[in-house]
Amino acid sequence: MTTIKGPGAAETFDGSGLRIAIVHARWNTAIIENLVAGAKKSLFAAGVKEENITIQTVPGSYELPIGVQRLYAASQVQASNTGEGISATDLLSSTTDLSKTPTASAPKKPFDAIIAIGVLIKGATMHFEYIADAVSHGLMRVQLDTGVPVIFGLLTVLTEEQGLERAGLGSSGMHNHGEDWGSAAVELGVKRQD
Ligand SMILES: O=c1[nH]c(NC[C@H](O)[C@H](O)[C@H](O)CO)c([N+](=O)[O-])c(=O)[nH]1
């Protein structure tokens, strides 16, 4: 099947063994919430188990690269704690004493893929351009430095309506881009295991 916009149909991938994280910003949450829901819909459709999906938030899109990098590092520490890991939230806390391995149950492996979601809406200044550029380069650097696939879920839109459209909330019936990101996370996560 040939497409012009959006990814063409790919083979289906079994996500039942994957551990996925979603890191999302807390700006423009009316749009963000639907993007996250779309990503989760695709993860579930591929068999990813709810207990293997971790969701963390950061203040804004500019914090996505550091949020993704720290969460992945935390999941690596978790994996090295011989299965007695601790929650990713606790691992990110500066007050957690990692020398004591809490007994909270947690998945035993690092994340197979991380979806970074943010919505940048152009304002009257150049702020939008600087954040968009920094975040896109930052997320690419994190994925290449760590080797963990980081799905680029940053909407850079000129109007609120464009953002709503791309979250499947507009009047044009455009699909929810979050669904594409969930599918991409499963594909890259499975391929990373090959
Ligand atoms: O996620 C966003 N953050 C935004 N700014 C906050 C930024 O991401 C940082 O959180 C902030 O600069 C503190 O570092 C936005 N705007 O400024 O318009 C925006 O539209 N979206």
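When a ligand or atom number is given, it counts from 1 through the structure's own listing order. What you see is a predicted model; the values in this text were computed from it and never measured.
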Short N or O contacts of ligand 1 with protein, under 3.5 Å, listed by atom name?
residue	atom	partner	partner atom	Å
ligand 1	1 (O)	S61	N	2.9
ligand 1	1 (O)	S61	OG	2.7
ligand 1	8 (O)	S61	N	3.2
ligand 1	8 (O)	Y62	N	3.0
ligand 1	10 (O)	G60	N	3.4
ligand 1	10 (O)	E63	OE1	2.6
ligand 1	14 (O)	E63	OE2	2.5
ligand 1	17 (O)	H127	ND1	3.2
ligand 1	20 (O)	I121	N	3.2
ligand 1	21 (N)	V119	O	2.8

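- Side-chain atoms of E161 and S171, non-hydrogen and from C-beta on, do get closer than 4.5 Å to each other.
- Between the side chain of Q162 and the backbone N or O of L158 there is at least one donor-acceptor pair closer than 3.5 Å.
- Ring orientation note: the planes of W181 and H177 are nearly perpendicular, at an angle over 60° on the 30°/60° scale.
- S61 pairs with exactly one of N28, L154, T156 by the side-chain contact (heavy atoms from CB on, under 4.5 Å) rule, that one being L154.
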Exercise for the section: Before giving the answer on side chain to side chain donor-acceptor pair (under 3.5 Å), spell out for S172 and E165 the whole-Å C-alpha distance, their side-chain angles and the decisive distance to 0.1 Å. Expected result: CA-CA 7 Å; S172 72; E165 293 284 350; 2.3 Å; yes
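- The salt bridge (Lys or Arg N to Asp or Glu O under 4.0 Å) search around E33 returns none, not counting sequence neighbours.
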